[in-house]
Amino acid sequence: ASYPMSPRYAGDAVTVNLVAQTSGYALSTFNVKVGYDRTVLDYVRFNADSKFNAPTLGLNTAGVINVIITGIFPGVARSSVTGADISVGSVSFKVKSTALAGTYAGSLTLNVVSLVNIAVYAFANNLDGEILDSRDGFQTSGQLVVQDSTNIAGAYAYASQGELMNMAVLGPNNDVTADVTLMKVFEYPTRADERIPSPVCSVATAFANVLKVVSVSNVCRVTVDNTFNQGHSAAFVTVASGTFTVQQPFRVWYPNTVAVAVDD
């Protein structure tokens, strides 16, 4: 049986694929019991393989799925049910929405009650199935790792515009601004990025004559105005929150010469 080899999150689907080693026999009938930890997994359904007749399922014991299949589907070749990795179906689970982050050892077990060939010979009885999970090699019980969906993988920033033209030298009320937003990225791949509120904003001394930055309404507002007298091709402001620090670059244009000509 295959169990997830990478971490899962609360609410994620988990599929356990079941395969049989038939030792050269043509598998026809089998009975397997799949045990699962009900504190972390919810059973969804058993997915039968099309090579075999419809399964009979029993849930006589809490946390155990008893799968019984008798006979192969008409027209299925013996070669299709003979081999080292014959698919016999899969079991669909869902990680409980209330599952806490952690490692759940022994959360899956597999008992092979019997494997019977076409000649009604039971060539395997009462064996522990092999489970492949995130650890090396096959195991007799499966281990599932559940991660916290709120874990943050990193952060990035973006600006409303990356090039600023200082037009203040042409007169009042010509200030130019750009807003920088700091975003956090979650480890959970389907969770949308979120804005980080109240970031700390700063500008290096090297760019003190180019631009300024202040924190305004959960963004860093960058301004060029008539208090500055130069531009820069690669100025930047620093946006930070907690352990995350991002440098947001800007190209700032400043006119070297301003000439006004009037012709009447």
Side-chain angles (χ1 to χ4, degrees), residues 1-23 27 30-52 54-69 80-81 83-115 124 126-155 184-194:
S2 62
Y3 208 30
M5 301 187 71
S6 59
R8 292 298 185 266
Y9 298 85
D12 276 0
V14 171
T15 300
V16 177
N17 295 307
L18 303 175
V19 296
Q21 157 63 274
T22 72
S23 301
L27 179 64
F30 58 88
N31 178 197
V32 296
K33 293 182 178 180
V34 181
Y36 65 99
D37 185 346
R38 294 191 300 158
T39 67
V40 66
L41 293 174
D42 285 326
Y43 169 69
V44 178
R45 63 181 175 274
F46 176 78
N47 310 292
D49 190 281
S50 60
K51 297 189 296 293
F52 299 94
T56 299
L57 299 180
L59 291 172
N60 300 327
T61 304
V64 177
I65 305 154
N66 188 11
V67 181
I68 302 172
I69 289 182
S80 298
V81 292
D85 55 352
I86 302 301
S87 172
V88 297
S90 64
V91 186
S92 296
F93 296 100
K94 187 175 183 180
V95 181
K96 283 182 173 293
S97 59
T98 56
L100 300 177
T103 299
Y104 292 84
S107 55
L108 185 80
T109 58
L110 178 62
N111 174 239
V112 180
V113 180
S114 64
L115 299 179
N126 196 28
L127 301 174
D128 289 329
E130 296 180 330
I131 299 172
L132 183 64
D133 57 20
S134 58
R135 297 166 292 178
D136 291 336
F138 287 99
Q139 312 293 329
T140 55
S141 64
Q143 174 177 285
L144 181 66
V145 178
V146 177
Q147 286 191 347
D148 187 347
S149 63
T150 64
N151 287 348
I152 300 174
K184 56 185 173 183
V185 181
F186 296 94
E187 292 180 355
Y188 190 33
T190 60
R191 181 166 179 171
D193 302 346
E194 294 180 7

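We count residues from 1, following the sequence as given.
Counting heavy atoms from C-beta outward, Asp37 and Leu108 have side chains that stay 4.5 Å or more apart. Put simply, the side chain of Phe186 does not reach to within 4.5 Å of the side chain of Asn151, judged on heavy atoms. For the pair Gln143/Ser141, no side-chain contact is recorded, criterion being any heavy-atom separation below 4.5 Å from C-beta on. Between Thr150 and Arg191, some side-chain heavy-atom pair lies under the 4.5 Å cut-off. Inter-residue side-chain proximity for Val14 and Arg8 is flagged as met; some heavy-atom pair is nearer than 4.5 Å. Here the side chains of Glu187 and Ser149 are not in contact, with every heavy-atom distance at 4.5 Å or above. The shortest side-chain heavy-atom distance between Leu41 and Lys96 does not fall under the 4.5 Å cut-off. Contact annotation: the side chain of Leu27 approaches that of Leu115 to within less than 4.5 Å [non-hydrogen atoms, C-beta and beyond].
With a 6.0 Å radius and a threshold of 12 heavy atoms from other residues, nucleotides or ligands, Arg135 has its CZ atom above the threshold. The local environment of NZ in Lys94 is sparse, with at most 12 non-hydrogen atoms from other residues, nucleotides or ligands closer than 6.0 Å. The environment of CZ in Arg45 is sparse: at most 12 heavy-atom neighbours from other residues, nucleotides or ligands sit within 6.0 Å.
Rounding to the nearest 0.5 Å places CD1 of Ile131 at 7.0 Å from OG1 of Thr140. In this structure, CG in Asp42 is found 7.5 Å from OH in Tyr36, a value given to the nearest 0.5 Å. Separating the OG atom in Ser90 from the CG atom in Asp49 is a distance of 8.5 Å, to the nearest 0.5 Å. The distance from the OG1 atom of Thr39 to the CG atom of Leu100 is 9.5 Å, given to the nearest 0.5 Å. Between the CD atom in Glu130 and the OG atom in Ser2 there is a gap of 13.0 Å [rounded to 0.5 Å].
Scanning both residues, Ser92 and Thr15, for their nearest heavy atoms gives OG-OG1, 4.4 Å. Summarising the geometry of Val91 relative to Tyr43, their closest heavy-atom pair is CG1-CE1, 3.7 Å, with the distance given to 0.1 Å. Closest non-hydrogen pair, Tyr104 versus Ala99, comes out as OH-C, 4.2 Å. Nearest heavy-atom pair across Val95 and Ala10 is CG1-CA, 3.9 Å. Closest non-hydrogen pair, Gly83 versus Gln21, comes out as O-OE1, 3.5 Å. Here the shortest heavy-atom pairing between Asp148 and Ala101 reads N-CB, 3.7 Å.
Between the side chain of Lys51 and the backbone N or O of Ser87, at least one donor-acceptor pair lies under 3.5 Å.
Side-chain N/O atoms of Ser107 and Tyr3 include a donor and acceptor closer than 3.5 Å.
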Assess whether side-chain contact (heavy atoms from CB on, under 4.5 Å) is satisfied between Asp133 and Leu144, documenting all intermediate values. CA-CA 8 Å; Asp133 57 20; Leu144 181 66; over 6 Å; no
Could you please spell out the steps behind the side-chain contact (heavy atoms from CB on, under 4.5 Å) verdict for Val146 and Val40? CA-CA 9 Å; Val146 177; Val40 66; 4.0 Å; yes
Would you please test Lys184 and Asp193 for side-chain contact (heavy atoms from CB on, under 4.5 Å) and show each step? CA-CA 6 Å; Lys184 56 185 173 183; Asp193 302 346; over 6 Å; no
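Between Phe52 and Phe30, the ring planes lie perpendicular to each other; the angle is over 60°, past the 30° to 60° tilted range.
For the side-chain contact (heavy atoms from CB on, under 4.5 Å) test with Val34, the passing option among Asn111, Leu110, Thr109, Val64 is Leu110; the others fail.
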